[in-house]
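Structure record follows, encoded as structure tokens.
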Number of protein chains: 2
Amino acid sequence: MAKPSKENSPITEHLAYLLAQANREINRQLELRLSKEGVPVEQWRILKVLSDDEGHSMGELADAVLLNHPTLTKMIDRMVSDTLVYRVQDPGDRRKVLMFISDRGKVLCKKLNSLAVDQEEHILESYGDKSTSELKRLLESLIDSSN
Amino acid sequence: MAKPSKENSPITEHLAYLLAQANREINRQLELRLSKEGVPVEQWRILKVLSDDEGHSMGELADAVLLNHPTLTKMIDRMVSDTLVYRVQDPGDRRKVLMFISDRGKVLCKKLNSLAVDQEEHILESYGDKSTSELKRLLESLIDSSN
DNA sequence: CTTCAATTCTTGAATATTCAATATTTTCAA
DNA sequence: TTGAAAATATTGAATATTCAAGAATTGAAG
């Protein structure tokens, strides 16, 4: 009898694949909702992070919203044009730029938040309360264990 | 006392964000290993799917490896140049193209599989057997419930 | 049969992302 | 204090992805 080997297990059994698939699907759904306001998911994340009015450097922000630095810079350029956010040089360390959300950005962010909440509720309905919180817990712990 | 509201929960509590973060991290690790052979994750997925020697249409393949059609076409072009895969017109429906893996592709795929297995084992070690299989189960069920 | 809509894949132009290099400022050791 | 190394953000060129349109084939209604 052949030795069972992990090496030819189908792609669909790999954790990396399942994560990619789930991420793609959930992201697609969220994108669909946010497109009502014509805003990409990444911009919503940026607005949400900046909502604390504390001023975040580009580096912090890039980490928080899961974007590479140059990609973030260019996206922020667009958002500045749209007057959703603005740059301020960090007075304490002039290498840094602090990003802030504008009033217009806050108004938009509120609308986006409620669209996102819609989605989370939709997931809760079809997937269940228990599963959702358990999945969140496991994901957090996976992320933790990867650092 | 203020009504607790989901609308200003931090981004890090959203399922969509946790999935994106976990996916990014696991994918980064996998990428790192596969880069030993100079192959992007998507190409490994393609090779793996084609490993059954059955011949898959571009549409099937695009679904299976989570890529848009035009992106897949261009990636397949590269892989054909590298003689990892080849195209055959479907005799039963000449709109379709059937993709096959070459011998060279199979050799490469084996190496990649063992790099990927390395990673899965690394995850099992740091994250645990129990958590891993429970996470996989929950992800599968989330994907199911989204269709 | 013929024609028109649907399916499948590819292409080219527009857009977005990434890599490597640059500019600026800070840190810190000598 | 000075000078070299590190940290931060941006830029420009190379690369990759996406959108919309196109070409080929099939299906199916009249």
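Lettering follows sequence order; numbering is per chain, from 1.
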Tabulate atom names and distances for all N/O pairs under 3.5 angstrom spanning the protein and nucleotides 18-21 of chain D.
| residue | atom | partner | partner atom | Å |
| --- | --- | --- | --- | --- |
| D/dT18 | OP2 | B/Asn68 | ND2 | 3.0 |
| D/dT18 | OP2 | B/Thr71 | OG1 | 3.0 |
| D/dT18 | O4 | B/Lys74 | NZ | 2.4 |

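Across C/dT24, D/dA9, C/dT7, the shortest atom-to-atom separation from the side chain of B/Arg95 is found for C/dT7.
Comment: A/Arg28 does not engage A/Glu31 in a salt bridge, judged by the lack of any side-chain N to carboxylate O separation of less than 4.0 angstrom.
Residues in residues 86-100 of chain A take part in these side chain to side chain donor-acceptor pair (under 3.5 Å) pairs, two or more places apart or across chains: A/Asp77-A/Arg87, A/Asp93-A/Arg95.
Contacts of residues 75-91 of chain A with DNA chain D (heavy atom under 4.0 Å): A/Arg87. Contacts between residues 33-44 of chain A and DNA chain C, defined by a heavy-atom separation below 4.0 Å, involve no residue at all. Less than 4.0 Å separates DNA chain D from at least one heavy atom of each of the following residues of residues 57-66 of chain A: A/Ser57, A/Met58, A/Gly59.
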For residues 137-144 of chain A, dump all side-chain donor-acceptor pairs below 3.5 Å to protein atoms at least two apart in sequence or in another chain.
| residue | atom | partner | partner atom | Å |
| --- | --- | --- | --- | --- |
| A/Arg137 | NE | A/Glu134 | OE1 | 3.3 |
| A/Arg137 | NH2 | A/Glu134 | OE2 | 3.0 |

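Considering only residues two or more places apart in sequence or on other chains, B/Asn68 meets the side-chain hydrogen bond (donor to acceptor under 3.5 Å, both in side chains) condition with none of them. When the side-chain hydrogen bond (donor to acceptor under 3.5 Å, both in side chains) test is applied to A/Asp53, the partners found at least two apart in sequence or on another chain are A/Lys106. With sequence neighbours excluded, no residue forms a side-chain hydrogen bond (donor to acceptor under 3.5 Å, both in side chains) with A/Arg24. Scanning for salt bridge (charged side-chain N to carboxylate O under 4.0 Å, His left out) contacts around A/Arg104 gives an empty result, with sequence neighbours left out.
Other members of the cluster containing A/Val107 do not exist, because no ILVMFWY side chain is joined to it at under 4.5 Å.
The terminal axes of the helix from C/dC1-D/dG30 to C/dA30-D/dT1, fitted over 5 pairs per end, subtend an angle of 20° to the nearest 10°.
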